[in-house]
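Positions are given from 1 along the sequence. In listed order, ligands and their atoms are each counted from 1.
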Amino acid sequence: MCGIVGYIGKEKTTPLLLQGLKRLEYRGYDSAGLALSINGSLTVLRQKGNLDQLEKIVDHDKLDSRLGIGHTRWATHGEPSKRNSHPHTDCSGKIAVVHNGIIENWHELRDELIDSGHEFTSETDTETLAHLVEANFNGDLKEAVKKALRRIKGSYAIAVISSEDPSKLIAARKDSPLVLGIAESGIFVASDIPALIDQTRKIVIIEDEELVEVAQDGYQITSGDDVLIKRDSIEVKWDIEAAEKGGFADFMLKEIYEQPSAIQDTLRGQLDEDGKVNFDDLLLDKEKIEDIDKIFIVACGTSLHAGMIAKLAIEKWAHISVEIDCSSEFRYREPVLSDKSLLIAITQSGETADTLAGIRKAKEKGAKIIAVTNVVGSSITREADGVVYTHAGPEIGVAATKTHVSQIAALILLSMFIARQKNGLDDSFFQKIAESLSKVPEKVDEILGKAETIKEWAKKYHDVYDFLFIGRGVGYPVAMEGALKLKEISYIHAEGYPAGEMKHGPIALINDGVPVLAIALKGKVFEKIVSNMQEAKSRGGSIIAITDSDDNQIRALTDDVFVIPESDEMSSAILSVIPLQLLSYFIAKERGCNVDQPRNLAKSVTVE
Ligand code: F6R
């Protein structure tokens, strides 16, 4: 995830910025940079790779600065490279900007700025902002930033400096965190508290749509409608470990709570309200998609479960047959592929060896390849014809959570995209799905607000030997994911099963008190799953339901029930997986397990 640090004060800036950026390293990044105001001009230093690479080009003796901004970049638009790393500057090199977030309308702004003579040097959305500030600059940096931000759609935390107005640093935020740190020697700006904790514990939280002008000896916050806001600092008592986890007990829990914004960021800029999907890096046009007669999906583990939802969506909406396989099987079987086949490979890390091998196999047969990944510049992005990015930010917990829900969101978009090219469903259909998707982040928030209920369940169920998860339709992959999450972090034996298959064998596992958790979603298989729950109950199972149907029939049948908000069929997979993530998490904690680093598992599986 990108990180921002800025400083204005009496001390030398460079070591302070580097130290702050170092504190943000744990979040993952691919390049880093600094912009320093020195004797009336800006010096910009940027490097691909880690901070050691940046430090190699820093000559502390020559960099005598009291104002500067720094950034660690996690690529979203444009590959990880020196020229795409922040800070970005305007044409004159007198304005420098660091940015976290996504500027949705950067294409149109960039075209407009190029038409009026601005020259761009990177592939990033952020550079647009530097030129936009330049276009509005009249000697007052704050005014220029304010005007520039009025043109921006999307999310941002920014810090901006100019050699033409060197007594201030301007920062602002919308949907991306930003804080000030008040130290003896001056004032810091940062995207996250850990960046500041070595220097100060006096923190001022900047709220959404606020802009702040920071000088050596003070700061002035203004709201979006230009009203002056008085806000004092708070004292943070966190140690560095707690600060890195944002006050959560573990990275996994933090990442579970980051899911509303991970989904929002994945939808942002890729879906408009009319249900039109825009993928910057897809590189497959209408004709190529029209030509496709069969789709294959390959992935592993949690990514495979997201793929199972995509299969349902594509077949239902685009009427193309989809085969899905785990990558380790696909690579050694003889799938019937041709140049009319499309392979969708899903991998959050972009490095999974089996999935890469699956791609190569499909390519040999002439298939077109789309990768769905969270990591710009990862191996898979270099091997695929086109890429769809999830914008979940780096995930530190080994168990995938926010990357998984972002995959489902991105795959729903991809399914919409393919359906639109392929069979001309009417616009109102896509509009309805878009409307429903746009409400998913707040519904996830609503579910997370009821986490205490699940915590209570964990006390009741943490010492069982077996746990069964059942579902039908989109509930089936969700059940699979629930079982995988539970086994990987709590080491309880768990099975995820299609509910209708239970009677063909697994029902023999059920006896008194074995928990059977059903994903019971309204729709054409609702009554069927209710019957399957009945079958499990009559064999002594403890029945738990995750459902969007708060009715007496379900209440009468269950020992525990969690009601999720209603949504469209496909995105209800996102909503119903959240309680399962929480359940695994709380059960694992009850059992004293290390949820962030479960035994025998790695975040990125680069070997066969
Ligand atoms: C489970 C989990 C794994 C990964 C699998 C594939 O929580 O994270 O099952 O989903 O190893 O990884 P990627 O998506 O990186 O290919």
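Among protein heavy atoms, the minimum distance from atom 3 (C) of ligand 1 is reached at Thr302 N, 4.1 Å. Annotation: atom 15 (O) of ligand 1 to nearest protein heavy atom, Ser349 OG, 2.6 Å. Here the protein heavy atom with the shortest distance to atom 6 (C) of ligand 1 is Cys300 O, 3.4 Å.
In terms of polar-atom proximity, defined here as any N/O pair under 3.5 Å, Ala400 does make such a contact with ligand 1. Among the atoms of Glu488, some N or O lies under 3.5 angstrom from an N or O of ligand 1. Between Gln407 and ligand 1, no pair of N/O atoms sits closer than 3.5 Å.
Near Thr352, meaning under 4.0 Å from one of its heavy atoms, ligand 1 places the atoms 12 (O), 13 (P), 15 (O), 16 (O).
Ion pairing between Glu364 and Lys361 fails under the 4.0 Å rule for side-chain N and carboxylate O.
Ring orientation note: the planes of Tyr26 and Phe251 are tilted relative to one another, at an angle of 30° to 60°. Relative orientation of the His77 and Trp106 rings is perpendicular, given thresholds of 30° and 60° on the angle between their planes.
Only one option out of Glu258, Met252, Glu255 pairs with Glu395 in a side-chain contact (heavy atoms from CB on, under 4.5 Å); it is Glu255.
Counting only non-hydrogen atoms, the option in Ser327, Ser303, Cys326 that gets closest to atom 14 (O) of ligand 1 is Ser303.
Contacts between Val398 and ligand 1 below 4.0 angstrom, taking non-hydrogen atoms only, involve the backbone exclusively. Contacts between Glu351 and ligand 1 below 4.0 angstrom, taking non-hydrogen atoms only, are absent altogether.
A centroid separation of less than 6.0 Å is found between the aromatic rings of Phe279 and Phe417.
Note that the CD atom of Glu566 and the NZ atom of Lys522 stand 3.0 Å from one another [nearest 0.5 Å].
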If you apply the rule salt bridge (charged side-chain N to carboxylate O under 4.0 Å, His left out), what do you find for Arg333 with Asp325, and how did you get there? CA-CA 10 Å; Arg333 69 179 175 92; Asp325 220 339; 2.3 Å; yes
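Between Lys485 and ligand 1 there is a heavy-atom distance shorter than 4.0 Å.
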